[in-house]
Amino acid sequence: MSESIKDILNKTLVEIIGELAGDKFSSLPVDRCVFGPPKQPEHGDFATSAPLILTKPLGQPPFDLATRMAEAFEKSPIVARAEPARPGFVNLQLSPAGWAVILDAIATEGENFGTVTTGASRRVLLEFVSANPTGPMHLGHCRHAAVGDSLARIFSAAGYEVTKEFYINDAGVQIIALGESFRARCLAKLGDPLDLEAVQYPGEYLAEFAEDFVAGKDPALVRSHTVEDFSTEARGRNLDVIRQDLAALGVFFDHYQSEKELHDANLVTRTLESLESAGAVYEKDDALWLRTEDFGDDKDRVLRKGDGTVTYLVPDLAYHHYKFERGFDLYINLFGADHAGYPPRLRAGINALGHDASKLEVLLLRLVFLTKGGQRVKFSKRAGNFVAMSDVVAEAGSDATRWFMLARSMDSEFEFDMDLATDSSSNNPVYKVQYAHARVMTMMQKASEEAALLPELDSKEAAAALTAPIEKEIIVHLSKLPEIVERSAQERAVHHIPNYLLSLAELWNRYYSMGKTDPSFRILAEENRALAPARLRLADATRRVLANGLALMGISAPDSMTRQVSDEDE
RNA sequence: GUGCCCGUAGCUCAGCUGGAUAGAGCGUCGGCCUCCGGAGCCGAAGGUCAGAGGUUCGAAUCCUCUCGGGCACGCCA
């Protein structure tokens with residue numbers, strides 16, 4: 001991994017500030033003095049407001065500082081022009097040597113371009129989805145799956161070592177309820193009247209499992225099964241469906257952790273004992289309480305109820321105890337926003353168990369709604385009807401589903417617009433990005449067929465040949481992928497990637513289309529042969545960045561797009 | 001009532017830890033098919049950044065309050 005152009009500029013900036021400031025340097029807010037993209041293209045390729053930030057601590061007028069900084073930057077070989085601007089900015093234009101740095105980095109790093117080392121190989125345990133094995137997954141799980149998986153990819157790219165884990169809630173009252181529901185369904189298949197009271201999970205899926213399970217079996221054998229047997233059977237089938245649904249989205253976990261196994265290994269009772277011996281609990285009103293208030297919780301929480309059974313908090317703490325014993329540097333949980341009250345008590349327990357709870361981060365994802373035909377699709381958990389994840393993925397496809405699930409920040413609710421997601425005849429953003437990639441690929445293919453006709457250029461000559469403003473704009477945009485990755489990892493936010501890719505695709509499509517009205521922009525045209533190698537380097541860099549970015553989202557970067565023909569729509 | 005999140009174009013949403021004239025997609029309207037792929041491109045219309053104060057050279061961004069909307073506040077999971 002090489003140094004990004006921005007790193008080089010920022011390093012130079014710090015050196016220049018050091019010369020200007022002398023012994024005042026150590027007291028300056030140098031961290032804030034960085035280069036960024038100016039909003040107006042006429043302000044150059046990079047700009048910094050460092051003079052405005054430093055004017056007060058240095059006691060010098062901002063424009064004077066800007067002028068002296070610009071003079072210093074003029075000496076840099078990667079800078080073509082440096083200009084002070086009022087009230088106190090420095091605007092830079094890169095030289096061909098500067099562009100070559102960017103294009104070379106992309107070419108040599110290939111699929112690794114965009115990776116950074118901020119993670120320093122720290123180990124991260126990322127837990128997400130963890131859907132109960134009591135039924136199929138819905139739209140919300142789909143968002144969690146897409147976001148969690150993409151986050152894992154981003155963290156890997158940022159230099160972390162990530163383990164993806166799915167926690168199976170296969171113990172406790174709900175799993176018994178599942179067994180009872182499934183048993184009632186099976187008995188109904190044998191001819192018994194359906195015991196509506198026993199059916200606590202009303203969806204049709206259990207009836208379908210029952211049909212399959214009962215088929216060809218001796219009814220007496222079926223009747224002899226215990227609730228636990230039915231529970232285990234239904235759990236397994238649900239889990240199979242969950243894995244299938246995840247696979248359809250291309251999401252695979254490194255580890256599935258069963259709650260039941262924690263019980264079987266006595267980890268749950270041992271955890272309770274640990275909490276007791278740590279003095280983190282007390283008895284009141286026949287119940288055992290955990291002191292969570294000391295950790296920012298509103299009130300203390302019950303661990304063991306008056307009836308002697310434990311609350312769900314205990315196995316969850318056992319699970320986290322087990323997580324921490326495996327020795328990761330960072331633990332990230334993706335929860336639904338309806339669990340917002342949960343993290344404080346989790347932290348309290350983790351601390352009481354002797355772990356550093358500050359290593360646990362809980363990310364809260366808000367709801368997602370499905371709209372079709374401009375109408376929000378209604379669903380109700382109670383009635384057992386919901387928007388199934390498998391239906392969404394089947395209808396929109398994995399790529400489009402992921403795109404829309406990732407394109408919004410986690411803490412905003414959003415509408416998954418099925419009409420837009422399935423729109424292949426108009427401007428669906430995911431297709432636009434994939435199309436830009438496919439477009440470059442076919443062009444490269446064509447270029448390779450006439451490679452012998454093209455002159456050879458070294459990278460600096462190539463960069464110097466790219467003189468059009470839009471070509472520079474693309475290069476500068478390409479250079480940003482590493483910082484987008486770094487920022488995404490740091491903020492634990494996935495939506496910057498699609499935003500970035502969309503703007504890059506639009507930039508490229510605009511550039512590509514310029515050849516239609518202005519023949520001098522036709523990359524492979526015979527009369528432009530002298531420029532072709534340079535432009536092909538740019539094209540290659542662009543498709544590389546598009547592909548790397550799509551990979552961070554788990555979306556394919558196709559070599560060609562197969563047009564979907566819709567004859568029936570006249 | 002308390003805590004968290006949200007409020008930016010007709011709609012869905014970005015806005016990079018405070019920077020220069022407020023952004024994208026979709027939708028609407030108007031253009032562009034002898035073309036390295038039209039699943040594309042160009043242009044136009046569209047904004048009191050919910051509101052009011054404050055912080056400072058400078059605020060959509062940070063602080064306070066108000067108004068709207070969502071979620072959470074169990075010996076449920």
Side-chain angles (χ1 to χ4, degrees), chain A residues 32 36-40 42-43 47-49 52-53 55-56 62 85-89 91 132 134 169 172-174 284-289 296-299 301-307 309-313 315-316 336-342 344 364 366-367 371 374 404 407-417 419-420 423-429 431-432 434-436 438-440 442-447 480 483-484 487-488 490-491 493 495-496 498-500 502-503 506 509-517 519 521-525 528 532 535 539 560-564:
Chain A
R32 291 173 53 211
K39 286 181 186 168
Q40 311 302 319
E42 56 269 30
H43 290 146
T48 180
S49 59
L52 287 169
I53 294 166
T55 180
K56 189 172 276 186
R86 294 194 184 276
F89 298 94
N91 297 329
N132 289 339
T134 53
N169 286 101
V173 294
Q174 65 195 359
K284 194 183 83 178
D285 303 333
D286 293 331
L288 188 69
W289 297 72
D297 204 357
D298 304 335
K299 47 175 287 192
R301 305 290 166 173
V302 169
L303 291 175
R304 192 175 56 222
K305 297 179 268 187
D307 64 4
T309 62
V310 298
T311 62
Y312 60 97
L313 185 54
D316 276 4
D338 55 339
H339 286 65
Y342 201 48
L364 300 174
R366 309 205 84 87
L367 289 175
T371 57
F404 287 100
R408 306 298 179 219
S409 86
M410 293 184 204
D411 47 24
S412 69
E413 293 182 351
F414 81 98
E415 313 260 346
F416 186 100
D417 185 342
D419 301 327
L420 182 59
D423 188 349
S424 61
S425 64
S426 179
N427 297 321
N428 185 336
Y431 289 139
K432 184 176 284 190
Q434 290 181 316
Y435 178 62
R439 198 172 227 188
V440 178
T442 54
M443 191 178 74
M444 304 279 294
Q445 178 61 37
K446 178 158 185 170
K480 291 180 195 164
E483 61 195 82
I484 297 284
R487 184 180 162 216
S488 299
Q490 185 192 331
E491 293 181 9
H495 66 280
H496 298 121
N499 282 333
Y500 169 73
L502 189 58
S503 56
E506 282 168 350
N509 280 335
R510 193 183 348 141
Y511 174 55
Y512 183 92
S513 298
M514 285 168 75
K516 296 179 196 296
T517 48
F521 279 102
R522 298 193 56 189
I523 295 173
L524 296 180
N528 298 329
R535 287 171 165 173
S560 65
M561 304 287 276
T562 46
R563 185 181 291 267
Q564 291 173 11

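Protein chains get the first letters and strands the later ones, always in sequence-line order, with residue 1 at the start of each.
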Any A/Y512 side-chain N or O less than 4.0 Å from OP1/OP2 of B/G37: yes

B/G27 versus B/A72 - spacing of their C1' atoms, nearest Å: 36 Å

Nucleotide B/C41, atom P - distance to CZ of A/R510 in whole Å: 9 Å

Rounded interatomic separation in angstrom, taking CG from A/D423 and P from B/G27: 7 Å

Sugar-phosphate only, base, or nothing, as touched by A/T517 at under 4.0 Å among non-hydrogen atoms: nothing

Same-atom distance (C1') from B/G43 to B/G58, integer angstrom: 33 Å

Flag, side chain of A/N528 to backbone of A/P519, donor-acceptor distance under 3.5 Å: yes

For atom CG of A/L364 and atom P of B/G3, their distance in whole Å: 17 Å

A/A85, nearest nucleotide to its side chain (from B/G40, B/A20, B/G19): B/A20

C1'-based separation of B/G51 from B/U8 [nearest Å]: 14 Å

Distance, P atom - from B/A45 to B/G1, rounded to whole angstrom: 45 Å

Base paired to B/G47 (Watson-Crick or G-U; both N/O distances under 3.5 angstrom): none

Between B/G38 (P) and A/R439 (CZ): distance, integer Å: 5 Å

Aro-ring/base stack A/F89-B/A20, d under 5.5 Å, angle under 30°: yes

Length of the line joining A/R522:CZ and B/C41:C1', which is rounded to integer Å: 15 Å

Whether A/Y342 and A/H339 hold their rings parallel, tilted or perpendicular, with breakpoints at 30° and 60°: perpendicular

Nearest-Å distance once atom C1' is located in both B/G46 and B/U12: 16 Å

Heavy-atom side-chain contact between A/R439 and A/Y512 under 4.5 Å: yes

Distance in angstrom units between A/R32 CZ and B/G19 P, rounded: 10 Å

Touch class at under 4.0 angstrom, heavy-atom based, for A/L502 against every strand present: sugar-phosphate

Sidechain-backbone polar pair: A/S488 side chain, A/H496 backbone, donor-acceptor under 3.5 Å: no

Sugar-phosphate only, base, or nothing, as touched by A/H43 at under 4.0 Å among non-hydrogen atoms: base

Touch class at under 4.0 angstrom, heavy-atom based, for A/I53 against every strand present: base

Residue A/N509, side-chain atoms from C-beta onward, closest of B/C5, B/G37, B/G40: B/G40

Atom-to-atom span, CD of A/Q434 to C1' of B/G40 - whole angstrom: 15 Å

Short side-chain to backbone donor-acceptor contact, A/D285 and A/A287, under 3.5 Å: no

Test item: A/I523 and A/Y511 side chains (from C-beta on) under 4.5 Å apart, heavy atoms: yes

Between B/C75 and B/C16 - C1' atom distance, rounded Å: 47 Å

Sugar-phosphate only, base, or nothing, as touched by A/S412 at under 4.0 Å among non-hydrogen atoms: sugar-phosphate

Residue mapping more 5' on RNA chain B - nearest nucleotide basis, A/M443 or A/T55: A/M443

Sugar-phosphate, base or nothing in reach of A/F521, heavy atoms under 4.0 Å: base

Distance-only donor-acceptor check, side chains A/Y312 and A/N169, under 3.5 Å: no

Selection from B/C13, B/G25, B/G40 that lies nearest to any side-chain heavy atom of A/S513: B/G40

Opposite nucleotide pairing with B/C41, Watson-Crick or G-U, both atom distances under 3.5 Å: B/G31

Counter-base of B/A59, judged by Watson-Crick or G-U geometry with both distances under 3.5 Å: none

Whole-angstrom distance between B/A14 and B/C26, as gauged at atom C1': 14 Å

Nearest non-hydrogen partners of A/L364 and A/A337, listed with the distance: CB-CA, 4.1 Å

Anti/syn call for B/C33, syn if |chi| within 90°: syn

Sugar-phosphate only, base, or nothing, as touched by A/D297 at under 4.0 Å among non-hydrogen atoms: nothing

Sugar-phosphate only, base, or nothing, as touched by A/K56 at under 4.0 Å among non-hydrogen atoms: sugar-phosphate

B/G25 pairs with, by Watson-Crick or G-U criteria that keep both distances under 3.5 Å: B/C11

Length of the line joining A/R408:CZ and B/A14:C1', which is rounded to integer Å: 8 Å

Sub-4.5 Å side-chain heavy-atom contact between A/T311 and A/R301: no

Assigned partner base of B/C73, Watson-Crick or wobble definition, under 3.5 Å: B/G1

From B/G15, B/C57, B/U12, nucleotide with atom closest to A/L52 side chain: B/C57

Syn/anti state of B/U34 by chi, 90° boundary around 0: anti

B/G30 and B/G23, which share atom name C1', separated by this distance in whole Å: 23 Å

Heavy-atom neighbours of A/D286 CG exceed 12 at 6.0 Å: no

Sugar-phosphate, base or nothing in reach of A/Q490, heavy atoms under 4.0 Å: base

Where protein sits on nucleotides 71-77 of chain B, one letter per nucleotide: B base, S sugar-phosphate only, - none, heavy atoms under 4.0 Å: SSSSBSB

Sugar-phosphate, base or nothing in reach of A/K516, heavy atoms under 4.0 Å: base

Passing option when A/R487 is tested against A/Q490, A/E483, A/E491 for side-chain hydrogen bond (donor to acceptor under 3.5 Å, both in side chains): A/E491

Any strand: nucleotide that pairs with B/U64 via Watson-Crick or wobble, under 3.5 Å: B/A52

Proximal nucleotide (of B/C26, B/C6, B/C13) relative to the A/L420 side chain: B/C26

Sugar-phosphate only, base, or nothing, as touched by A/A47 at under 4.0 Å among non-hydrogen atoms: base

Nucleotide forming a Watson-Crick or wobble pair with B/G18, both distances under 3.5 Å: none

Backbone N/O of A/R510 and side chain of A/S513: donor-acceptor pair under 3.5 Å: no

Any A/S409 side-chain nitrogen or oxygen under 4.0 Å from OP1 or OP2 of B/A14: yes

